[in-house]
Each structure stands twice: as C-alpha cells, then as structure tokens.
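So the structure is just underneath, and the comments pick up after that.
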Amino acid sequence: MIDDGRESAPTAVDVARAGVSYDWLTSIGGALYWVESSPDADRDAVVTWSAGSVAALPGDDVGSGLHAYGGMPYAVLPSGEVVRVNGESGQLIGAGTVSATAHTYGDLTWSGFELLGVREDANGDELVAVEMSSGRLRVLEATDGFLASPRVSGERLAWVRWGRSVMPWDSSEVWAASYLPDGQPVGLVRVAGGPDESAFQPQWGVDGWLYFMSDRTGWWNLYRWRDGRTEPVAPVEAECATAPWESGYANYAILPDGRIVMTIQRGPVHELAVVSSGAVVRLPVPYTSIKPFLAVVGDRVAVIGSSPTRMQEIALVSTDGSGRVEVVRAGADHRFDDVSVPQLIEVQSGGAQVTAILYPPSGDAGPAPVIVRPHAGPTYHSDLRLDGEVQFFTSRGFAVVHVDYRGSTGYGRAFRKGLDGQWGRVDVADCRAVAEHMIDTGRAIPGAVFISGASAGGYTALRAVSEDGPFAMAVARSAIVDPLRWMTTAPRFQRPHAAILASPDSTVRADQVRRPVLLIHGVRDEIVAIGDTIELAEGLRGRGLLAGLLALENVGHYVSGTGLVAALEAELDAYRSVLKDAGLPVPG
C-alpha cells in the first residue's frame, strides 16, 4: 500500500511531545501523589491532586536508580512534607543529614513514625529506617542479594527478599517480623516464596492479615497469611501481578471496608476487578492497560490507565460496578488523527501459542510493509495502549506487529520460563512465525518485512537477521549484543537474568548477520553500554551491512525527547531505502 501523503500523519516531534508518563501513584489522606515525566519539562516532578486541584511540587528532579530500574522515589510525611530521592545525585532530600554516598536509595515509605526504604551498593542491599528529625539511620536487614517493599502495620513489618543469583520473578520470598520504633525486627518468619516460587507485594490488610502475590499455582495470584496460616484470596487462571522490574509495585489495593481491588492480566489485556468474600467481579473501565500503581481514595480506586485510543491518564474509578470514572489528570495532547486500532492475533510457533498485537496501516487497503516489534522485556509483555511510535509508522502506510514471544508475562509461569537458556532462539522463532503468518495471510508484502526492537527486543532483532528468514532488515535500539559479556557488565540486579536466559552461542557476531542493520544507542546508557554496539557496527560496516550507527549524545537506555525524534526519522529513512533498493512500493 502506498501512502497518499495525508497531512495528518504525526511527525517525530509530535510523537516525542506526546511522551508524557505518570508513575508511582499513591494516596495519603484523600490526596493523590505521583511522579510526572514530560518531554517539555526539565525534571521528573512529584505532582499532587486534592479536591480537584493539581499542583507540581517544587524541587529538583526526582527519581530512584535502585536495582537499576528504580523504586518508589518519594514518601509523604504526616506534616505533608515530601521526602524524595534526587534523580541526579541520589541524595535523600528532606531526610536530615542522610546522603546517598556510595548508595542508591528507593522503595521509600512512611511507617507511621519513621521513614523506611532500601539502599543499595555494589555489595548488596540494606533495609533502613531513618529518624526524620535527626537523619539518624538504622540498618534493619542486610543481604548480599536484594530487598524490597518494606511495609509496616502497628508493630509488624513485612518485606521481600531474593538472592543475588536469581530474578525476583523466578524466586523471591516474603518475610515478616515484630518491629518497634527505634528497634530491630525480631521473630523473623518466611511467609512465602522459595526456589520455585515468586512471592512479593506484601501489604497489611485492615483485617490483620498479611496479603501478598505468589505464583505457586503457575499464576501470580493473591494470598493472605496470619499466624502461620496461608490461604488463597481470589484464585484465577490469569496474572494478577506485574513482573517486578521496579520495587514498590501495587497491583492491588485494600479498601476501607476490606474489599480488594486488583488488576487481572490475560495476555496483553488488563482488567480491573473487585474482590469481596472470594468473589471476583470485573469493574467496567475504558482501559486495556493499567500500570501497577493502584491507590485508594475513600471507596474509589485511583489508576493510571490507557487504551489503544486513549493516552495514559490518571482516574478515580468507582468500585460499586457503576462504571463511573473521574479523570484526575488527562493524557497528553497528541496529533494522532487517524488512530490505528489494533487486533489480537494468535500464531502457532514451536508447539506454543504466541499472541501478537497487529496495528494495520492507515486505510488498510491491502498488503503493506510490516514492522515486527519484539517487546523490550524479555520478561515483560506488549502494552495494549496508544503508542505514538506505532502511529508514526501506521500513518505512513506500515503495519506494526508487537509480539509476546515465549518468555513474556501475562501467560503464566511456564510460558514466562520458556525463554530460559533459549534467548535468541525461541524468541526469534516466534517473531519469524508471526512474520510468516502476515505474509501467508496476505497482509505483508514479501521482501518488505522488517524487525525492530529496543534493549532485549533489539537483541532479538539482531539474532533474527543472523539467520535465514523473512526479515529484510533489523533496527536495534539500545540493544544487548553479547549476553555472555552482559553477565558481567549489566547492573547488579540484572546479571542473573543474562545467565538464566543465555546459551553458549548467544553472542551476535557480525560475520553471521545476513541483512542490513540500523543501530541506535545512547552514549550514556548505563544498562547496556554502547561499546558492544560500536564494535558490532565496525564489523557490519566491513561487510557492507551497516545501514547506520546513530550514537545519541546525553541519552541513556531509554530514548526520548530529541533523541527519539532522531531515532524515528533514521528508522523511517532506513526502511524506505531498503524498499527503494528492492524496487518495492515506498510508503509516503
């Protein structure tokens, strides 16, 4: 299909400007707080809402680098003061004399009498308590592995722990203890979790039970524990939790009357449900993607939600089943006039059923160039939401297909573990199966199928063009190139991930690549250093297969702002060049 040159197609600048994000939503005393990131602002700010009024709190950039991907970066005190982690220095602002010297802070929470949090250095994690008036800090628990989610109710403390050689979605534990102000935890009890069980998100209920998520049945479901007794709360064959890439997620919230609101994920689709006396009742909401930050305001629940036609927004949802939704913070303005609405497709690959999200090109008049996009996980999923990058390409005549390859979340533990030791193999096979399905069903133009991914998705794209297949070109942004080397260069949190997933032949080698490659990488990337990408680029250049190397100054692992503008324009130009050289129709 050839684009008709419509003027409504969003520019790369339009896409970058629409990249407003809301995270770390919480509620205190009827007010809502969250962290707001906007390409037009010079900082990530804590924003508050109360009685219909929204205000950004003054101060420096807020953000936590705990475990590389972050943890709750602020806490609200009874006085209304907000203690936060400075996004540049890592210092605790508003916490007396405490600084981040040689430490990274995050996962902050107010216990009722002191600030609790997790701090990390190269040797491990510590669960710490800070007396606010003096800044005096006590270490409550220490490990050479990882700690998360301190939660206090009265004289009881709960937290999450996992070892240094595992990932929390594979093996993690919930612990509880007695705890008094200015004291140390005593009577430690392992509540849940173990070598083959992922348990996290502890939260004390109004009924005195300790609630948590566990995948002991093969699905992350909600459980509760008290005095050595554990029982399921709402068994469903679906995922009720998000893989804990960041510390402090809340996929469920407990209402004052004891009812529980939680997310339920089936594949890429999120739902919101209320649990009462074991019954699970779906709440009608206009969202298909809900971030793991639920918060309670009275008898309503606050969510960060989005859909294929709706940018992410913050809203208060009634829990009575009426479907009433009050938008607290609207989504970003965007210029996506002709939105491509997706459809879910299922493809068989290697004996597994793989789900993909197909965004047809504007007009959808027949076979089109197709961009296959493995998500950036690998232990994550494709979000079913309005994505400016997708609309950038669909408005120009391309179809875009997001693939939930084996290893993705939203399909249970067995599917999630399907990538172990097979990285660069089964994910590639699944993307290839989706691409071939697009060709076989007449939706794709043969020779005009591309694969594009970021981070782990970039690695999958590189491996996909290192063997024969339907892909005419790969685009790899912030890509992992050598998983074996990444075991030693990745952040401490993620080194086990590489070891669990990789196989002996995992490395992308320039002499094995068979199709052109566009490489895009931030010079300041601390999760995947640019060195391997530069080395790969030199090898590809020597073989005439380097479509380009775009090194983005002052850009880290996540590409946004002016970096995103340059990346999108380079990607579009590269596709058009390949199509032109092949004598195929070039979308406008």
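Note: hydrogens, waters and symmetry copies are ignored here, and every other heavy atom, side chains too, is used. Computed from a predicted structure; not experimentally measured.
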> Using 30° and 60° as the class limits, which term best fits the ring planes of F293 and W24: parallel, tilted or perpendicular?
Replying inline: tilted
>> For the CG atom of L419 and the OG atom of S503, what is their distance to the nearest 0.5 Å?
In response: 9.5 Å
> M262 and A234: which non-hydrogen atoms are nearest, and at how many Å?
Replying inline: CE-CB, 3.8 Å
> Do V35 and P73 touch side chain to side chain, with heavy atoms closer than 4.5 Å?
Replying inline: yes
>> Counting only heavy atoms from other residues, nucleotides and ligands, does the tally under 6.0 Å from CD of Q512 exceed 12?
In response: yes
>> In the structure I gave you, are the side-chain heavy atoms of P483 and L501 within less than 4.5 Å of one another anywhere?
In response: no
> Can you tell me how far CD of Q353 sits from CZ of R406, rounded to the nearest 0.5 angstrom?
Replying inline: 12.0 Å
> Can you find a side-chain donor-acceptor pair between N251 and T242 that sits under 3.5 Å?
Replying inline: yes
> Would you call the rings of W423 and W486 parallel, tilted or perpendicular, where under 30° means parallel and over 60° means perpendicular?
Replying inline: tilted
>> I need the minimum non-hydrogen distance between Q265 and A241, along with the two atoms involved.
In response: OE1-O, 4.4 Å
>> Could you walk me through whether T263 and Y287 satisfy the side-chain contact (heavy atoms from CB on, under 4.5 Å) test, starting with their C-alpha distance in whole Å, then the side-chain angles of each, then the deciding distance to 0.1 Å, before giving a yes or no?
In response: CA-CA 11 Å; T263 63; Y287 310 119; over 6 Å; no
> How about H402 and R373: do any of their side-chain heavy atoms sit closer than 4.5 Å?
Replying inline: yes
>> Taking ring-ring contact (aromatic ring centres under 6.0 Å, His included) as the definition, give me every residue that meets it alongside F415, ordered by chain and number, with sequence neighbours left out.
In response: Y411
>> What I want to find out is whether K291 reaches E246 closely enough, with some N-O distance under 4.0 Å, to be called a salt bridge.
In response: no
> Is E173 salt-bridged to R161, going by a charged N under 4.0 Å from an acidic O?
Replying inline: no
>> Within this structure, what is the NE2-CG distance for the pair H103 and L66, rounded to the nearest 0.5 Å?
In response: 11.5 Å
> Looking only at heavy atoms, which two atoms of A238 and I264 are closest? And how far apart?
Replying inline: CB-CG2, 3.6 Å
> Just wondering, are more than 12 heavy atoms of other shown residues or ligands nearer than 6.0 Å to CZ in R543?
Replying inline: yes
> Between L518 and M473, does a side-chain contact (heavy atoms from CB on, under 4.5 Å) hold up when you go through it step by step?
Replying inline: CA-CA 8 Å; L518 172 64; M473 176 187 175; 3.7 Å; yes
>> Given 3.5 Å as the limit, does a donor-acceptor pair link the side chain of T507 with the main chain of R509, or not?
In response: no
> Has E237 got more than 12 heavy atoms of other residues, nucleotides or ligands less than 6.0 Å from its CD?
Replying inline: no
> Among all residues two or more places apart in sequence or in another chain, which pass the side-chain contact (heavy atoms from CB on, under 4.5 Å) test with E467?
Replying inline: V428, R432
> Just by distance, do the side chain of R413 and the backbone of R216 share a donor-acceptor pair under 3.5 Å?
Replying inline: no
> Any side-chain heavy atom of P235 within less than 4.5 Å of one from N221?
Replying inline: yes
> Should W159 and S149 count as side-chain neighbours, where that means a heavy-atom distance under 4.5 Å?
Replying inline: no
> Do T533 and H521 meet the criterion of a side-chain donor-acceptor pair at a distance under 3.5 Å?
Replying inline: yes
>> With rounding to the nearest 0.5 angstrom, report the CG to OG1 distance, D125 to T104.
In response: 9.5 Å
>> For T460 and V403: C-alpha separation, side-chain torsions, deciding distance, then whether side-chain contact (heavy atoms from CB on, under 4.5 Å) applies.
In response: CA-CA 11 Å; T460 300; V403 182; over 6 Å; no
> D61 side chain to D44 main-chain N or O, any donor-acceptor pair under 3.5 Å?
Replying inline: yes
> What are the two closest non-hydrogen atoms of P374 and Y405, and how far apart are they?
Replying inline: CB-CE2, 3.6 Å
> Minimum heavy-atom separation for A448 to L579, with atom names?
Replying inline: CB-CD2, 3.4 Å
>> To the closest 0.5 Å, what do you measure between CD (E126) and CG (L140)?
In response: 10.0 Å
> Between H67 and F493, what is the ring plane arrangement, given parallel below 30°, perpendicular above 60°, and tilted in between?
Replying inline: parallel
> Where do I290 and L294 land on the side-chain contact (heavy atoms from CB on, under 4.5 Å) test, with the steps shown first?
Replying inline: CA-CA 9 Å; I290 301 173; L294 302 189; 4.1 Å; yes
>> Quick check: closest heavy atoms across Y105 and G90, and the distance to 0.1 Å?
In response: CD1-O, 3.9 Å
>> Just to verify, which of Y575, Y359, F450 counts as forming a ring pair (Phe, Tyr, Trp, His ring centres under 6.0 Å) with F393?
In response: Y575
>> How about CZ on R492, more than 12 heavy atoms from neighbouring residues, nucleotides or ligands closer than 6.0 Å, or not?
In response: yes
> Under 3.5 Å, is there a donor-acceptor pair between the T409 and E239 side chains?
Replying inline: no
>> I need the L572 CG to F398 CZ distance, nearest 0.5 Å.
In response: 5.5 Å
> T355 and D404: side-chain donor and acceptor closer than 3.5 Å?
Replying inline: no
> Hey, are the side chains of R463 and V508 touching, using non-hydrogen atoms and a 4.5 Å cut-off?
Replying inline: yes
> Which residues satisfy the side-chain contact (heavy atoms from CB on, under 4.5 Å) test with V191, sequence neighbours excluded?
Replying inline: V174, A176, L210, F212, W225
> Under 3.5 Å, side chain of D440 to main-chain N/O of M438, donor-acceptor pair present?
Replying inline: no
> Hey, are the side chains of V401 and R443 touching, using non-hydrogen atoms and a 4.5 Å cut-off?
Replying inline: no
> Would you say I451 and C431 make side-chain contact, with heavy atoms under 4.5 Å?
Replying inline: yes
> Is a side-chain donor or acceptor of S306 paired with a backbone partner of R385 at a separation under 3.5 angstrom?
Replying inline: no
>> Taking side-chain hydrogen bond (donor to acceptor under 3.5 Å, both in side chains) as the criterion, tell me which of K417, R416, H497 meets it with T379.
In response: H497
> Does the side chain of W220 come under 3.5 Å of the side chain of S198 through a donor N or O and an acceptor N or O?
Replying inline: yes
>> Assess whether a salt bridge exists between R514 and D468, defined as any Lys/Arg side-chain N lying under 4.0 Å from an Asp/Glu carboxylate O.
In response: yes
> When you measure from the side chain of R396 to the backbone N and O of F392, does any donor-acceptor pair fall under 3.5 Å?
Replying inline: yes
